[in-house]
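The structure presented is a predicted model; accordingly, all values stated were derived computationally and were not measured. For the numbers below, each heavy atom of this structure counts, side chains included, while hydrogens, waters and symmetry mates do not.
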Amino acid sequence: MNGMTHVTVTINNERHDVKVEPRMLAADFLRDELGLTGTHVGCEHGVCGACTILLNGASVRSCLLLAIQLDGAEIQTVEGLGGVREMHRIQAAFREHHALQCGFCTPGFLMTVHDILGRLPLRSDEEIRDALSGNICRCTGYDHIVKAVRSLVTERDKVTNQ
């Protein structure tokens with residue numbers, strides 16, 4: 001394995017010790033090497049947000065990172081949120097508010113929402129739209145996505161104010 005670099009990374013609470021090509025993108029590493037195909041690749045320029053993951057708790061574009069930059073990191077992908085039988089509250093809100101159509105952008109939105117719910121006040125629809133502006137959806141028109149996020153903010157704030 002000449003030219004390979006050793007990487008140790010924790011992804012969705014599972015440790016991986018692997019060798020990767022130095023120029024392999026994190027998105028390709030997740031999808032092709034680990035089979036985590038929920039991370040979608042859209043524009044490959046960091047503009048659309050479809051490849052958004054959490055890197056040490058912060059949302060990042062995996063198409064702009066090299067796999068070797070993940071060494072020592074904690075990563076969460078959409079697969080780490082929940083599944084069909086036990087959805088994460090963000091996934092459930094998207095389903096409840098019909099905040100997806102084709103679903104291609106949805107994993108990136110889910111990971112972005114996970115990040116912004118933990119760090120932004122999101123007091124208005126304008127603030128929600130601004131926080132989501134790095135993610136592009138070509139199907140929904142965003143209204144249902146904003147409604148889903150607003151419901152999550154209301155839920156979060158009820159818990160915080162108790």
Taking all heavy atoms of Pro22 and all of Leu66, pick out the closest pair and write down the distance. O-CD1, 3.8 Å
Is it true that atom CZ of Arg119 has more than 12 heavy atoms of other residues, nucleotides or ligands lying nearer than 6.0 Å? yes
Using a 4.5 Å cut-off on heavy atoms from C-beta on, say whether the side chain of Leu65 contacts that of Phe29. no
Quick one: closest heavy-atom pair of Cys137 and Tyr142, and the distance? N-OH, 2.8 Å
Out of curiosity, Ser151 OG to Ile90 CD1, how far, rounded to the nearest 0.5 Å? 10.0 Å
Separation between CD1 of Ile53 and CD of Gln76, rounded to the nearest 0.5 Å: 10.0 Å
Could you tell me whether a side-chain N or O of Asn56 sits under 3.5 Å from a main-chain N or O of Glu74, the two making a donor and an acceptor? yes
Inter-residue atom distance Cys51.SG - Met111.CE, 0.5 Å rounding: 11.5 Å
Correct closest heavy-atom pair for Ala131 and Leu120 would be CB-CD1, 3.8 Å
Same cluster or not: are Val149 and Met87 linked, directly or through other Ile, Leu, Val, Met, Phe, Trp or Tyr residues, by side-chain heavy atoms under 4.5 angstrom apart? no
All heavy atoms of Leu25 vs all of Cys63, minimum pair found to be CD2-O, 3.6 Å
Does a salt bridge link Asp143 with Arg129, judged by any charged N lying under 4.0 Å from a carboxylate O? yes
Beyond-backbone contact of Asp125 with Arg150, side-chain heavy atoms, under 4.5 angstrom: yes
What distance separates Glu79 CD from Leu34 CG, expressed to the nearest 0.5 Å? 10.0 Å
Evaluate the side-chain contact (heavy atoms from CB on, under 4.5 Å) criterion for residues Asn12 and Ile75: first the C-alpha distance (whole Å), next the side-chain angles of each, then the deciding distance (0.1 Å), finally the verdict. CA-CA 6 Å; Asn12 301 328; Ile75 303 297; 5.9 Å; no
For Leu81 and His88, work out which heavy atoms get closest and say how close. O-CB, 3.5 Å
Show your working on side-chain contact (heavy atoms from CB on, under 4.5 Å) between Thr52 and Val60 and close with a plain yes or no. CA-CA 5 Å; Thr52 302; Val60 296; over 6 Å; no
Is there a path of hydrophobic side-chain contacts, each under 4.5 Å between heavy atoms of I, L, V, M, F, W or Y residues, that connects Val41 with Ile11? no
With a 4.5 Å heavy-atom cut-off, do His114 and Ser59 have their side chains touching? no
Taking the side chain from Asp115 and the backbone from Ala58, do they hold a donor-acceptor pair closer than 3.5 Å? no
Quick one: does Val9's side chain get under 4.5 Å of Asp17's, heavy atoms only? no
No-hydrogen, no-angle side-chain donor-acceptor test under 3.5 Å, Ser124 and Glu126: no
Grab the two heavy atoms, one from Asn135 and one from Gly49, that are nearest each other, plus how far apart they are. ND2-O, 3.3 Å
Is it possible for you to say whether Leu117 and Phe109 belong to one hydrophobic cluster, with membership spreading through side-chain heavy-atom contacts below 4.5 Å? yes
Do other residues, nucleotides or ligands put more than 12 heavy atoms under 6.0 Å from the CG atom of Asn13? no
Rounded to the nearest 0.5 Å, what separation is found between the CD atom of Glu155 and the CG atom of Leu152? 6.0 Å
Starting from the C-alpha separation in whole Å, work towards a yes-or-no answer on side-chain contact (heavy atoms from CB on, under 4.5 Å) for Lys158 and Arg156. CA-CA 6 Å; Lys158 279 182 187 176; Arg156 175 198 69 188; over 6 Å; no
Do we see a donor-acceptor contact under 3.5 Å between the side chains of Thr39 and Arg31? no
Could you please spell out the steps behind the side-chain contact (heavy atoms from CB on, under 4.5 Å) verdict for Glu33 and Val18? CA-CA 9 Å; Glu33 299 299 316; Val18 293; over 6 Å; no
Please say yes or no: joined through hydrophobic side-chain contacts below 4.5 Å, possibly via intermediate residues, are Leu36 and Met24 part of one cluster? yes
Mind checking whether Leu122 and Phe94 sit in one hydrophobic cluster, side chains of I, L, V, M, F, W, Y counted as touching below 4.5 Å? yes
In terms of relative ring orientation, are His98 and His144 parallel, tilted or perpendicular, with 30° and 60° separating the classes? perpendicular
If you measure from CZ on Phe104 to NE2 on His40, what distance do you get to the nearest 0.5 Å? 6.0 Å
Asp71 side chain vs Thr8 backbone, donor-acceptor pair below 3.5 Å: yes
